[in-house]
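Quick notes on the structure that follows.
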2 protein chains.
Amino acid sequence: MTTHPSAEATLDKVLALSMLVTADMARFEAAERVTGPRLHLLWQLGMSGPCTQRALADALDVTPRNITGLVDGLVDSGHVTREPHPTDRRATLVTPTPAGAGFVARLRASHADLAEQLFGHMTPRQLATFTRGLDETLERFARLMDGDQA
Amino acid sequence: MTTHPSAEATLDKVLALSMLVTADMARFEAAERVTGPRLHLLWQLGMSGPCTQRALADALDVTPRNITGLVDGLVDSGHVTREPHPTDRRATLVTPTPAGAGFVARLRASHADLAEQLFGHMTPRQLATFTRGLDETLERFARLMDGDQA
DNA sequence: TATTGTTATACTCTATAACTATA
DNA sequence: TATAGTTATAGAGTATAACAATA
(Lines give C-alpha, C1' and ligand atoms only; values in the text may rest on other atoms or scores of the structure.)
Protein backbone atom coordinates (compact mmCIF):
# COMPACT_ATOMS: atom_id res chain seq x y z
CA MET A 1 0.00 0.00 0.00
CA THR A 2 2.60 2.57 1.00
CA THR A 3 4.81 3.38 -1.94
CA HIS A 4 8.36 4.25 -0.98
CA PRO A 5 8.72 7.88 0.05
CA SER A 6 10.86 10.21 -2.02
CA ALA A 7 13.84 11.94 -0.45
CA GLU A 8 12.03 15.20 -0.99
CA ALA A 9 8.90 14.03 0.79
CA THR A 10 11.05 13.03 3.73
CA LEU A 11 12.76 16.41 3.82
CA ASP A 12 9.34 18.05 3.77
CA LYS A 13 8.43 16.05 6.85
CA VAL A 14 11.62 17.07 8.58
CA LEU A 15 10.72 20.68 7.82
CA ALA A 16 7.18 20.16 9.07
CA LEU A 17 8.49 18.72 12.31
CA SER A 18 10.90 21.61 12.62
CA MET A 19 8.05 24.08 12.23
CA LEU A 20 5.97 22.30 14.85
CA VAL A 21 8.80 22.30 17.36
CA THR A 22 9.30 26.00 16.65
CA ALA A 23 5.60 26.65 17.15
CA ASP A 24 5.64 24.76 20.44
CA MET A 25 8.57 26.87 21.59
CA ALA A 26 6.76 30.04 20.52
CA ARG A 27 3.84 29.04 22.71
CA PHE A 28 6.13 28.65 25.69
CA GLU A 29 7.71 32.02 24.96
CA ALA A 30 4.33 33.72 24.77
CA ALA A 31 3.17 32.12 28.01
CA GLU A 32 6.35 33.21 29.79
CA ARG A 33 6.47 36.65 28.16
CA VAL A 34 10.03 36.05 26.97
CA THR A 35 11.20 36.45 23.37
CA GLY A 36 13.12 33.79 21.44
CA PRO A 37 16.57 35.38 21.57
CA ARG A 38 16.18 36.12 25.28
CA LEU A 39 15.11 32.54 25.91
CA HIS A 40 18.19 31.40 24.02
CA LEU A 41 20.39 33.59 26.21
CA LEU A 42 18.76 32.28 29.40
CA TRP A 43 19.14 28.69 28.19
CA GLN A 44 22.83 29.30 27.54
CA LEU A 45 23.19 30.96 30.92
CA GLY A 46 21.56 27.94 32.53
CA MET A 47 24.19 25.70 30.96
CA SER A 48 27.23 27.88 31.61
CA GLY A 49 26.34 29.56 34.87
CA PRO A 50 27.02 33.30 35.35
CA CYS A 51 29.32 34.53 32.59
CA THR A 52 30.48 37.67 30.81
CA GLN A 53 28.57 39.27 27.96
CA ARG A 54 31.52 38.54 25.72
CA ALA A 55 31.16 34.81 26.42
CA LEU A 56 27.43 35.04 25.67
CA ALA A 57 28.15 36.84 22.39
CA ASP A 58 30.46 34.01 21.35
CA ALA A 59 28.06 31.28 22.47
CA LEU A 60 25.03 32.82 20.75
CA ASP A 61 27.04 33.94 17.73
CA VAL A 62 25.79 37.50 17.81
CA THR A 63 27.61 40.81 18.32
CA PRO A 64 28.46 42.13 21.79
CA ARG A 65 26.19 45.08 21.06
CA ASN A 66 23.33 42.68 20.61
CA ILE A 67 23.99 41.05 23.96
CA THR A 68 23.77 44.48 25.60
CA GLY A 69 20.22 44.82 24.29
CA LEU A 70 19.14 41.32 25.25
CA VAL A 71 20.57 41.66 28.76
CA ASP A 72 18.93 45.09 29.12
CA GLY A 73 15.60 43.46 28.39
CA LEU A 74 16.19 40.57 30.76
CA VAL A 75 17.23 42.95 33.52
CA ASP A 76 14.01 44.91 33.00
CA SER A 77 11.95 41.72 33.13
CA GLY A 78 13.76 40.60 36.28
CA HIS A 79 15.38 37.45 34.89
CA VAL A 80 19.04 38.44 35.28
CA THR A 81 21.28 40.99 36.97
CA ARG A 82 24.64 42.45 35.99
CA GLU A 83 27.18 41.71 38.70
CA PRO A 84 30.72 43.03 38.83
CA HIS A 85 33.39 40.62 37.64
CA PRO A 86 35.60 39.68 40.62
CA THR A 87 38.92 40.29 38.86
CA ASP A 88 38.22 42.23 35.63
CA ARG A 89 36.62 45.59 36.20
CA ARG A 90 35.78 45.95 32.51
CA ALA A 91 33.53 42.91 32.50
CA THR A 92 30.14 42.14 34.01
CA LEU A 93 28.84 38.77 35.10
CA VAL A 94 25.34 38.18 33.80
CA THR A 95 23.69 36.28 36.62
CA PRO A 96 20.24 34.65 36.78
CA THR A 97 17.85 35.93 39.44
CA PRO A 98 15.62 33.40 41.21
CA ALA A 99 12.98 34.29 38.60
CA GLY A 100 15.50 33.61 35.83
CA ALA A 101 16.52 30.30 37.35
CA GLY A 102 12.86 29.37 37.69
CA PHE A 103 12.31 30.16 34.05
CA VAL A 104 15.17 27.90 32.99
CA ALA A 105 13.83 25.13 35.20
CA ARG A 106 10.40 25.39 33.60
CA LEU A 107 12.00 25.45 30.16
CA ARG A 108 13.86 22.25 30.92
CA ALA A 109 10.73 20.62 32.28
CA SER A 110 8.81 21.65 29.18
CA HIS A 111 11.54 20.19 27.01
CA ALA A 112 11.49 16.88 28.88
CA ASP A 113 7.70 16.80 28.75
CA LEU A 114 7.65 17.36 25.00
CA ALA A 115 10.20 14.58 24.50
CA GLU A 116 8.06 12.24 26.51
CA GLN A 117 4.90 13.22 24.64
CA LEU A 118 6.54 12.74 21.26
CA PHE A 119 8.66 9.66 21.84
CA GLY A 120 7.52 8.12 25.11
CA HIS A 121 5.16 5.73 23.36
CA MET A 122 7.85 4.18 21.16
CA THR A 123 9.41 0.90 22.16
CA PRO A 124 13.13 1.15 22.93
CA ARG A 125 13.77 -0.61 19.66
CA GLN A 126 11.60 1.75 17.60
CA LEU A 127 13.20 4.75 19.26
CA ALA A 128 16.68 3.38 18.58
CA THR A 129 15.87 2.80 14.93
CA PHE A 130 14.43 6.27 14.46
CA THR A 131 17.29 7.90 16.31
CA ARG A 132 19.76 6.03 14.11
CA GLY A 133 18.08 7.64 11.09
CA LEU A 134 18.49 11.04 12.72
CA ASP A 135 22.14 10.32 13.47
CA GLU A 136 22.81 9.35 9.89
CA THR A 137 21.10 12.47 8.61
CA LEU A 138 23.06 14.67 11.01
CA GLU A 139 26.27 13.03 9.83
CA ARG A 140 25.37 13.61 6.19
CA PHE A 141 24.72 17.22 7.03
CA ALA A 142 28.07 17.60 8.76
CA ARG A 143 29.85 16.11 5.77
CA LEU A 144 27.83 18.33 3.43
CA MET A 145 28.88 21.47 5.28
CA ASP A 146 32.51 20.40 5.48
CA GLY A 147 32.52 19.75 1.75
CA ASP A 148 31.08 23.16 0.98
CA GLN A 149 33.69 24.90 3.05
CA ALA A 150 36.60 23.03 1.40
CA MET B 1 27.53 -1.00 22.56
CA THR B 2 24.80 1.53 21.88
CA THR B 3 22.57 1.93 24.89
CA HIS B 4 19.02 2.82 24.02
CA PRO B 5 18.58 6.54 23.42
CA SER B 6 16.38 8.54 25.76
CA ALA B 7 13.35 10.37 24.41
CA GLU B 8 15.07 13.59 25.36
CA ALA B 9 18.26 12.71 23.44
CA THR B 10 16.12 12.04 20.39
CA LEU B 11 14.34 15.37 20.73
CA ASP B 12 17.73 17.06 20.99
CA LYS B 13 18.69 15.48 17.69
CA VAL B 14 15.48 16.65 16.08
CA LEU B 15 16.31 20.16 17.30
CA ALA B 16 19.87 19.87 16.01
CA LEU B 17 18.57 18.81 12.61
CA SER B 18 16.12 21.68 12.66
CA MET B 19 18.94 24.12 13.35
CA LEU B 20 21.05 22.72 10.51
CA VAL B 21 18.19 22.99 8.04
CA THR B 22 17.66 26.57 9.20
CA ALA B 23 21.36 27.33 8.78
CA ASP B 24 21.31 25.87 5.27
CA MET B 25 18.36 28.07 4.42
CA ALA B 26 20.15 31.09 5.84
CA ARG B 27 23.06 30.41 3.52
CA PHE B 28 20.72 30.37 0.54
CA GLU B 29 19.11 33.61 1.71
CA ALA B 30 22.48 35.32 2.08
CA ALA B 31 23.62 34.14 -1.35
CA GLU B 32 20.41 35.43 -2.94
CA ARG B 33 20.28 38.63 -0.90
CA VAL B 34 16.73 37.84 0.23
CA THR B 35 15.62 37.76 3.86
CA GLY B 36 13.75 34.85 5.47
CA PRO B 37 10.28 36.40 5.60
CA ARG B 38 10.58 37.62 2.00
CA LEU B 39 11.71 34.16 0.91
CA HIS B 40 8.69 32.74 2.68
CA LEU B 41 6.42 35.16 0.81
CA LEU B 42 8.02 34.28 -2.55
CA TRP B 43 7.71 30.56 -1.79
CA GLN B 44 4.02 31.02 -1.03
CA LEU B 45 3.57 33.09 -4.17
CA GLY B 46 5.23 30.32 -6.16
CA MET B 47 2.67 27.86 -4.87
CA SER B 48 -0.42 30.06 -5.19
CA GLY B 49 0.40 32.16 -8.20
CA PRO B 50 -0.34 35.92 -8.19
CA CYS B 51 -2.62 36.77 -5.28
CA THR B 52 -3.81 39.62 -3.10
CA GLN B 53 -1.89 40.87 -0.09
CA ARG B 54 -4.78 39.82 2.06
CA ALA B 55 -4.37 36.20 0.90
CA LEU B 56 -0.65 36.39 1.63
CA ALA B 57 -1.34 37.75 5.11
CA ASP B 58 -3.59 34.77 5.81
CA ALA B 59 -1.16 32.26 4.33
CA LEU B 60 1.87 33.61 6.20
CA ASP B 61 -0.12 34.29 9.36
CA VAL B 62 1.05 37.88 9.72
CA THR B 63 -0.82 41.18 9.66
CA PRO B 64 -1.73 42.92 6.40
CA ARG B 65 0.50 45.81 7.48
CA ASN B 66 3.41 43.41 7.58
CA ILE B 67 2.72 42.22 4.04
CA THR B 68 2.85 45.82 2.85
CA GLY B 69 6.41 46.05 4.15
CA LEU B 70 7.54 42.72 2.74
CA VAL B 71 6.08 43.47 -0.68
CA ASP B 72 7.65 46.95 -0.63
CA GLY B 73 11.04 45.30 -0.16
CA LEU B 74 10.44 42.71 -2.87
CA VAL B 75 9.31 45.41 -5.30
CA ASP B 76 12.51 47.33 -4.56
CA SER B 77 14.63 44.22 -5.13
CA GLY B 78 12.78 43.48 -8.37
CA HIS B 79 11.23 40.15 -7.36
CA VAL B 80 7.55 41.13 -7.58
CA THR B 81 5.25 43.83 -8.89
CA ARG B 82 1.91 45.12 -7.69
CA GLU B 83 -0.68 44.69 -10.45
CA PRO B 84 -4.27 45.95 -10.35
CA HIS B 85 -6.86 43.35 -9.46
CA PRO B 86 -9.09 42.77 -12.50
CA THR B 87 -12.39 43.06 -10.64
CA ASP B 88 -11.69 44.55 -7.18
CA ARG B 89 -10.20 48.00 -7.32
CA ARG B 90 -9.27 47.92 -3.61
CA ALA B 91 -6.95 44.95 -4.03
CA THR B 92 -3.59 44.45 -5.70
CA LEU B 93 -2.24 41.29 -7.25
CA VAL B 94 1.27 40.58 -6.06
CA THR B 95 2.94 39.07 -9.12
CA PRO B 96 6.40 37.54 -9.54
CA THR B 97 8.72 39.17 -12.05
CA PRO B 98 10.97 36.91 -14.16
CA ALA B 99 13.63 37.50 -11.49
CA GLY B 100 11.17 36.45 -8.80
CA ALA B 101 10.17 33.35 -10.71
CA GLY B 102 13.85 32.50 -11.21
CA PHE B 103 14.43 32.85 -7.50
CA VAL B 104 11.62 30.43 -6.71
CA ALA B 105 12.97 27.97 -9.28
CA ARG B 106 16.43 28.09 -7.68
CA LEU B 107 14.88 27.68 -4.24
CA ARG B 108 13.05 24.56 -5.39
CA ALA B 109 16.20 23.17 -6.97
CA SER B 110 18.13 23.84 -3.78
CA HIS B 111 15.46 22.05 -1.78
CA ALA B 112 15.55 19.01 -4.06
CA ASP B 113 19.34 18.98 -3.96
CA LEU B 114 19.40 19.06 -0.17
CA ALA B 115 16.91 16.21 0.00
CA GLU B 116 19.09 14.16 -2.32
CA GLN B 117 22.24 14.96 -0.33
CA LEU B 118 20.61 14.03 2.96
CA PHE B 119 18.55 11.01 2.01
CA GLY B 120 19.71 9.91 -1.43
CA HIS B 121 22.14 7.37 0.00
CA MET B 122 19.48 5.50 1.99
CA THR B 123 17.99 2.33 0.62
CA PRO B 124 14.27 2.60 -0.11
CA ARG B 125 13.69 0.42 2.91
CA GLN B 126 15.81 2.56 5.23
CA LEU B 127 14.14 5.70 3.97
CA ALA B 128 10.69 4.19 4.46
CA THR B 129 11.52 3.19 8.02
CA PHE B 130 12.90 6.60 8.90
CA THR B 131 9.99 8.38 7.26
CA ARG B 132 7.56 6.21 9.22
CA GLY B 133 9.21 7.45 12.41
CA LEU B 134 8.72 11.02 11.22
CA ASP B 135 5.09 10.33 10.38
CA GLU B 136 4.45 8.92 13.81
CA THR B 137 6.08 11.88 15.47
CA LEU B 138 4.08 14.32 13.36
CA GLU B 139 0.91 12.50 14.32
CA ARG B 140 1.81 12.63 18.00
CA PHE B 141 2.38 16.33 17.62
CA ALA B 142 -0.98 16.84 15.95
CA ARG B 143 -2.72 14.98 18.74
CA LEU B 144 -0.76 16.93 21.34
CA MET B 145 -1.85 20.26 19.90
CA ASP B 146 -5.46 19.16 19.56
CA GLY B 147 -5.43 18.07 23.18
CA ASP B 148 -4.03 21.37 24.36
CA GLN B 149 -6.69 23.33 22.54
CA ALA B 150 -9.54 21.21 23.93
C1' DT C 1 -21.22 47.98 6.84
C1' DA C 2 -17.37 45.21 5.69
C1' DT C 3 -12.97 44.68 3.38
C1' DT C 4 -8.25 46.07 1.24
C1' DG C 5 -4.41 48.20 1.92
C1' DT C 6 -2.02 52.20 3.78
C1' DT C 7 -0.11 55.76 7.19
C1' DA C 8 1.33 56.44 11.99
C1' DT C 9 3.64 54.69 15.86
C1' DA C 10 6.30 51.54 18.66
C1' DC C 11 9.10 47.53 20.07
C1' DT C 12 12.58 43.72 19.26
C1' DC C 13 16.51 41.86 16.95
C1' DT C 14 20.30 42.56 14.21
C1' DA C 15 24.67 44.86 12.41
C1' DT C 16 28.76 48.31 11.96
C1' DA C 17 31.45 51.95 13.74
C1' DA C 18 33.21 54.96 17.18
C1' DC C 19 34.13 55.55 21.96
C1' DT C 20 35.25 54.74 27.21
C1' DA C 21 37.25 52.29 30.74
C1' DT C 22 40.20 48.86 31.90
C1' DA C 23 43.90 45.15 31.12
C1' DT D 1 47.93 47.59 22.26
C1' DA D 2 44.05 44.73 23.07
C1' DT D 3 39.64 43.70 25.28
C1' DA D 4 34.73 44.48 27.53
C1' DG D 5 30.97 46.88 27.02
C1' DT D 6 28.38 51.05 25.60
C1' DT D 7 26.53 54.94 22.66
C1' DA D 8 25.16 56.19 17.99
C1' DT D 9 22.99 54.94 13.88
C1' DA D 10 20.56 52.04 10.62
C1' DG D 11 17.54 48.51 8.71
C1' DA D 12 14.27 44.51 8.90
C1' DG D 13 10.30 42.26 10.95
C1' DT D 14 6.49 42.43 13.90
C1' DA D 15 2.19 44.46 16.06
C1' DT D 16 -1.99 47.72 17.00
C1' DA D 17 -4.80 51.51 15.72
C1' DA D 18 -6.73 54.91 12.72
C1' DC D 19 -7.84 56.01 8.07
C1' DA D 20 -8.93 56.03 2.87
C1' DA D 21 -10.92 53.89 -1.01
C1' DT D 22 -13.84 50.55 -2.59
C1' DA D 23 -17.27 46.69 -2.25
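This one's a predicted model, so the numbers in the text were calculated from it and none came from an experiment. Numbers restart at 1 for each chain; the letters A, B, ... are given by sequence-line order, proteins then strands. All values below come from the heavy atoms of this structure, side chains included, with hydrogens, waters and symmetry mates left out.
Between L56(A) atom CG and dT14(C) atom P the separation is 13 Å, expressed in whole Å. The separation between L41(A) atom CG and dC13(C) atom C1' is 13 Å, rounded to whole Å. The CZ atom of R33(B) sits 16 Å away from the P atom of dA15(C) (whole-angstrom rounding). dT6(C) atom P lies 13 Å from atom CZ of R54(B), rounded to whole Å. Between the CG atom of D76(A) and the P atom of dC13(C) there is a distance of 11 Å, rounded to whole Å. Rounded to whole Å, the distance from CG on N66(A) to C1' on dT12(C) is 10 Å. When rounded to the nearest whole Å, the span between CG of L60(B) and P of dG5(C) equals 14 Å.
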- Reading nucleotides 17-22 of chain C 5' to 3', which nucleotides get B (base under 4.0 Å from a protein heavy atom), which S (sugar-phosphate only), which -? ----BB
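The footprint of chain B on DNA chain D, defined by a heavy-atom cutoff below 4.0 Å, extends from dA12(D) to dA23(D).
In summary, R108(A) and D113(A) do not engage in a salt bridge, as defined by a charged side-chain N under 4.0 Å from a carboxylate O.
When the side-chain nitrogen and oxygen atoms of R82(B) are compared with OP1 and OP2 of dT4(C), none of them lie within a distance under 4.0 Å. Taking only side-chain nitrogens and oxygens, R38(A) comes nearer than 4.0 Å to OP1 or OP2 of dC13(C). Between T68(B) and dT6(C), a side-chain N or O to OP1/OP2 separation shorter than 4.0 Å is present.
With values rounded to the nearest 0.5 angstrom, L144(B) atom CG is found 6.5 Å from L118(A) atom CG.
Nearest heavy atoms, A7(B) versus L127(A): N-CD2, 3.9 Å.
L70(A) comes within 4.0 angstrom of the backbone, heavy atoms only, and of no base.
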